[in-house]
Amino acid sequence: MASREEAIRAFLDKAGWGDAERGPLAGDASTRAYERLKGKKGRAVLMNAPAGPDGPPLDGARKAYSAIAHLAEDCRPFVAIGGHLRALGLSAPELYAHDMAQGLLLLEDLGDDLYGPAIETGTARDGTPLDELYRVAVDMLIELHGAGTPPRLSLPGGSTYDVPPYDDAALAIETELLTDWYIPVKKGAELPGEEKEAYRALWRDLFPLSRMGAPVLTLRDYHSPNLIWLGARKGPARAGLLDYQDAQQGSRAYDLVSLLQDARKDVPEARENAMLDYYVARAKEADSTFEEDAFRAAYAVLGTQRNAKIMGIFVRLWKRDGKPGYLAHLPRVSGYMERDLRHPVLAPLKAWLDTHVPQSLRAEILSAE
């Protein structure tokens, strides 16, 4: 059987990029890897995404976590979602070549003017101020949410991909990352089964509040590592998009939470509130039936849900995968959760958390040492 490197070389040769210079690009927390190619055809990005679930089946379940949460286990979702985004005039990278069976994609190189450095310096490389980058990212969401998403998308060769729903089962399994990974480390002991069930019951009451309006395409990781500033383009297309293979049909509040409660970069509360207000104003302009109070409740619920998931994932990356670097982000994510828990609809969950992992304990910094 050919090695992975041999398969990559054969793929690049067939695509006409066999003589390109290859260099690594920063990856993410998944099994995907990326390389930047430079050759006579210009520049491109190789995505190396071998198929497979994220971990073994969970205890008491026949499926892996990634299957229950509807996460991409091959590259077909990336191809289908990318095609849909480009059809809307949005800046997902062009697909130059693909071997979906091997999990290899050759993509347009959108550059490296990522939102992350702009958040740190206050401007993009072309001098565009940070507030404008945020407004464009919000405008992109308004465009996406107004377009609607067919549940079935086309793939090259005539096949199709069904966009999964971000359903209660997926939301719930993500919240349990907090009780399965984060809280045991913080407390030094596992939670009793009855307390885990009480936690699940609280979320079952909250999930309906996240579903305001018709479902939209939620990209799921719409934050600084996956946004590139493309200042030469027009309108919402100035926000270049990466890492959207886990997109699902869900609440329009979810991606705004991802953007404004960025797990990797500090977003001051004043900026979060200003951009949340900006989204609400744009949404009302686009849809006279938009319900602001319901949206803000959904935002708080999904902010808490997402931050609970991330706090658990970052501990899991340390304990299971030997990646302690993610622990540095925990204080930021925990701080975002505290903001969300102020909303009245989250009072019962806040009371549960205050009992089992008090705010003072939540605020303590975890160390891998």
Side-chain angles (χ1 to χ4, degrees), residues 1-57 63-67 69-86 91-112 114 153-164 219-221 225-226 228 240-247 313 316-318 320-326:
M1 181 179 293
S3 70
R4 189 66 180 170
E5 179 58 27
E6 289 171 333
I8 291 172
R9 289 177 182 172
F11 170 69
L12 293 177
D13 284 341
K14 184 176 180 181
W17 287 77
D19 60 350
E21 177 185 340
R22 294 165 58 186
L25 274 174
D28 53 25
S30 74
T31 57
R32 293 180 296 274
Y34 301 86
E35 294 181 26
R36 171 166 280 152
L37 308 183
K38 297 179 183 179
K40 59 188 177 183
K41 288 189 173 185
R43 290 167 38 143
V45 170
L46 171 70
M47 179 192 286
N48 177 5
D54 180 15
K63 296 181 179 179
Y65 169 86
S66 57
H70 307 311
L71 303 184
E73 296 184 350
D74 58 42
C75 66
R76 293 171 61 255
F78 185 91
V79 173
I81 297 296
H84 174 69
L85 294 171
R86 291 191 298 275
S91 291
E94 292 286 345
L95 179 65
Y96 294 154
H98 61 85
D99 185 335
M100 286 184 279
Q102 291 273 8
L104 296 170
L105 305 178
L106 193 61
L107 305 167
E108 177 187 9
D109 186 347
L110 295 180
D112 52 13
L114 289 162
L153 300 177
S154 298
L155 283 164
S159 61
T160 59
Y161 170 70
D162 292 336
V163 182
L219 302 182
R220 301 282 309 291
D221 282 309
N226 299 328
I228 293 180
L241 305 172
L242 304 173
D243 198 21
Y244 40 75
Q245 62 280 330
D246 292 328
I313 285 176
R316 187 178 71 177
L317 283 165
W318 164 36
R320 190 190 75 179
D321 302 332
K323 298 178 179 181
Y326 290 91

Does any part of the side chain of L106, heavy atoms only, come nearer than 4.5 Å to the side chain of L12, both counted from C-beta? yes
Are the charged groups of K14 and D99 less than 4.0 angstrom apart, N to O? no
query = Can you check whether Y244 reaches R220 side chain to side chain, under 4.5 Å on heavy atoms?
reply = no
Of all heavy-atom pairs linking L95 and V79, the shortest is CD2-CG1, 3.7 Å
List the atom pairs, donor and acceptor, that lie under 3.5 Å between side-chain atoms in residues 42-52 and the rest of the protein, sequence neighbours left out.
residue : atom : partner : partner atom : Å
R43     : NE   : D109    : OD2          : 3.3
R43     : NH2  : D109    : OD2          : 3.3
N48     : OD1  : R4      : NE           : 2.9
N48     : OD1  : R4      : NH2          : 2.7

For M100 and P156, the nearest pair of non-hydrogen atoms, with its separation, is CE-CD, 4.2 Å
With sequence neighbours left out, the residues meeting salt bridge (charged side-chain N to carboxylate O under 4.0 Å, His left out) with D19 are K40
Minimal heavy-atom distance between G82 and A92, with the atoms involved, is O-CB, 3.9 Å
Report task. Please check if the side chain of R9 supplies one atom and the backbone of G18 the other of a donor-acceptor pair under 3.5 Å. Result -> no
Can you list the steps and then say if F78 with L107 is a side-chain contact (heavy atoms from CB on, under 4.5 Å)? CA-CA 11 Å; F78 185 91; L107 305 167; 3.7 Å; yes
All heavy atoms of L110 vs all of P93, minimum pair found to be CD1-CD, 4.0 Å
For this session: May I have the step-by-step check of side-chain contact (heavy atoms from CB on, under 4.5 Å) for I81 and D246, ending in yes or no?
Result: CA-CA 9 Å; I81 297 296; D246 292 328; over 6 Å; no
On a heavy-atom basis, the closest approach of L153 and A80 is CD1-O, 3.7 Å
CG (D221) and CG (N226) are apart, to the nearest 0.5 Å, by 6.0 Å
Answer yes or no: is there a side-chain heavy-atom contact under 4.5 Å between I8 and E6? no
G103 and C75 have their tightest heavy-atom pair at CA-SG, 3.9 Å
Residues at least two apart in sequence or cross-chain that pass salt bridge (charged side-chain N to carboxylate O under 4.0 Å, His left out) with R22, listed by chain then number, are E5, E35
